[in-house]
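Chain naming here is simple, since letters A, B, ... match the order of the sequence lines and numbering starts at 1 in each.
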There are 2 protein chains.
Amino acid sequence: MGRNTEQRDAIRAVFEASARPLKPEEVLVLAQAFVPALGVATVYRNLKRLCETGELRTVELPGHRTTLYESAQLDHHHHFHCQDCDRVFDVDVCPGSFTSQLPPGFQVNRHDLVLYGACPDCTA
Amino acid sequence: MGRNTEQRDAIRAVFEASARPLKPEEVLVLAQAFVPALGVATVYRNLKRLCETGELRTVELPGHRTTLYESAQLDHHHHFHCQDCDRVFDVDVCPGSFTSQLPPGFQVNRHDLVLYGACPDCTA
DNA sequence: GTGATAATGATAACTCGATATCATGTCAAT
DNA sequence: ATTGACATGATATCGAGTTATCATTATCAC
């Protein structure tokens, strides 16, 4: 169980080359540069599998109808969502912990921050 | 243009009584306590309308496939999502703007912050 | 190389939130 | 009370995203 296929390698390559989380649809298009005949089903199958093996992780962004995926090896970071082109970028800003500013009893394990606005391509 | 209906009043009442953002489906069920025959289409029509009149606003939360709605009279705030009981709380913390910390060209209009952890009830 | 079988690709089918349709009901100005 | 425009409710429809089906292909242990 677990054969290596060129399709899966293509999908891995796509995530190594990407600076931002990707939708399944984007993965499909990008990976077709390596394997033109790649099909949708294979993309979904492999995204699921690569998450199970810990190579990828899911990213859930507000307002996005679909789940995005990114390499699981990335450091803690947040996301910038361009309201014009709808792409999502990784950004390094982080507001830090909030536990001290919350009412007693609230314990923060994790936080998600999403910035919305215009990316450099769309500002121009 | 603009008649008052008991359906719309019921939907208003639901939001006044709610301490958290609601899905259209939740609004439907809750408002049916006032108007049992209330239909889905009416909920969607009125959510849209109430947003246009400025009474409600939309809230987008990660992991939610649908748009949520809340009263527009609430001050700027963020949300705390309890991972145990799955409830969403309003919290007053705010990380402020980030534009200065971003690469040039990124322009921030808005941000969403979601904290995940345990609420007072679940910490005990 | 061979063969068992895992993986793929094309496509149909499904999910589910949201919208469109349209006959019926209701609000409110008169 | 009348009436016409607006709102409603049941249902069909839409559409994006995802999954299921299944015949075909490709991987890899041997």
Side-chain angles (χ1 to χ4, degrees), chain A residues 1-15 20-53 55-70 81-83 85-88, chain B residues 1-15 20-70 86 88:
Chain A
M1 47 311 189
R3 292 173 181 173
N4 248 11
T5 65
E6 53 174 347
Q7 287 86 348
R8 191 167 310 140
D9 284 341
I11 291 172
R12 283 198 188 93
V14 162
F15 280 100
R20 60 191 186 81
L22 298 172
K23 297 191 260 202
E25 173 65 21
E26 292 175 311
V27 176
L28 173 65
V29 173
L30 292 169
Q32 280 176 340
F34 302 102
V35 184
L38 184 65
V40 213
T42 300
V43 170
Y44 280 100
R45 276 188 292 246
N46 279 298
L47 289 176
K48 189 179 176 186
R49 167 194 281 263
L50 292 171
C51 281
E52 285 166 357
T53 65
E55 293 181 63
L56 297 181
R57 74 162 78 99
T58 61
V59 183
E60 287 182 342
L61 288 187
H64 261 262
R65 198 172 174 168
T66 105
T67 301
L68 308 187
Y69 296 82
E70 68 182 7
H81 184 157
C82 178
Q83 294 171 315
C85 66
D86 214 44
R87 286 183 298 173
V88 176
Chain B
M1 42 328 198
R3 290 175 182 172
N4 251 9
T5 67
E6 52 174 348
Q7 289 85 347
R8 191 169 308 142
D9 284 340
I11 291 172
R12 283 198 188 94
V14 162
F15 279 100
R20 60 191 187 80
L22 299 171
K23 296 190 264 202
E25 173 65 22
E26 293 176 310
V27 175
L28 174 65
V29 173
L30 292 170
Q32 280 176 340
F34 302 102
V35 184
L38 183 65
V40 214
T42 301
V43 171
Y44 280 99
R45 275 189 292 246
N46 278 298
L47 289 176
K48 189 178 176 186
R49 168 195 281 263
L50 292 171
C51 281
E52 285 166 355
T53 65
E55 295 181 63
L56 296 181
R57 75 164 77 101
T58 61
V59 184
E60 291 176 342
L61 286 186
H64 279 85
R65 199 168 175 183
T66 104
T67 300
L68 309 186
Y69 295 82
E70 69 181 8
D86 215 46
V88 176

Rounded interatomic separation in angstrom, taking [atom1] from [X] and [atom2] from [N]:
X: B:E26; N: C:dG17; atom1: CD; atom2: P; result: 11 Å
X: A:L47; N: D:dT19; atom1: CG; atom2: C1'; result: 13 Å
X: B:N46; N: C:dA18; atom1: CG; atom2: P; result: 15 Å
X: A:E6; N: C:dT8; atom1: CD; atom2: C1'; result: 10 Å
X: B:K48; N: C:dT19; atom1: NZ; atom2: P; result: 6 Å
X: A:R65; N: C:dC16; atom1: CZ; atom2: C1'; result: 7 Å
X: B:E52; N: D:dA7; atom1: CD; atom2: P; result: 11 Å

Who passes side chain to side chain donor-acceptor pair (under 3.5 Å) against [X], sequence neighbours left out?
X: B:R57; result: B:E70
X: A:Q7; result: none
X: B:T42; result: B:R45

Hey, could you give me the CG/CG distance between B:L56 and B:L22, rounded to the nearest 0.5 Å?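 These two atoms lie 9.5 Å from each other.
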Nearest 0.5 Å please: distance from the OG1 atom of A:T66 over to the CD atom of A:E60.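 Taking OG1 in A:T66 and CD in A:E60, the distance rounds to 10.0 Å.
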Selection: residues 28-39 of chain B, any non-hydrogen atom under 4.0 Å of DNA chain D: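 Listed by number, they are B:A37, B:L38, B:G39.
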So which nucleotide from D:dT8, C:dA20, C:dG9 ends up closest to the side chain of B:A41?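 The listed nucleotide nearest to B:A41's side chain is C:dA20.
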Whether [X] contacts [N] is assessed here as follows: a side-chain N or O lying under 4.0 Å from the phosphate OP1 or OP2. Is that the case?
X: A:T42; N: C:dA7; result: no
X: B:T66; N: C:dG17; result: no
X: B:N4; N: C:dT26; result: no
X: B:Y44; N: C:dT19; result: no
X: A:T5; N: C:dT8; result: yes
X: A:Q7; N: D:dA26; result: no

Considering only nitrogen or oxygen atoms on both sides, find all protein atoms under 3.5 Å from nucleotides 22-25 of chain C and state each distance.
none

Given the rule in the side chain to side chain contact (heavy atoms under 4.5 Å, CB included) test, do A:F15 and A:L47 qualify, once you have shown the distances and angles that lead to the verdict? CA-CA 11 Å; A:F15 280 100; A:L47 289 176; 3.7 Å; yes
Rounding to 10°, can you tell me the angle the first-five-pair axis of the helix from C:dG1-D:dC30 to C:dT30-D:dA1 makes with its last-five-pair axis?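 For the helix from C:dG1-D:dC30 to C:dT30-D:dA1, the axes at opposite ends meet at about 40°.
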For residues 24-36 of chain A, tabulate all N or O donor-acceptor pairs below 3.5 Å that involve a side-chain atom, not counting sequence neighbours.
residue	atom	partner	partner atom	Å
A:E26	OE1	A:K23	N	2.8
A:E26	OE2	A:R20	NH1	3.3
A:E26	OE2	A:R20	NH2	3.2
A:Q32	NE2	A:L38	O	2.9

For B:R12, all residues meeting salt bridge (charged side-chain N to carboxylate O under 4.0 Å, His left out), sequence neighbours excluded: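 B:R12: salt bridge (charged side-chain N to carboxylate O under 4.0 Å, His left out) contacts with B:D9, B:E55.
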Using the salt bridge (charged side-chain N to carboxylate O under 4.0 Å, His left out) rule, collect all pairs that involve residues 29-40 of chain B, keeping only residues at least two apart or in two chains.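 Sorted pair list comes back empty.
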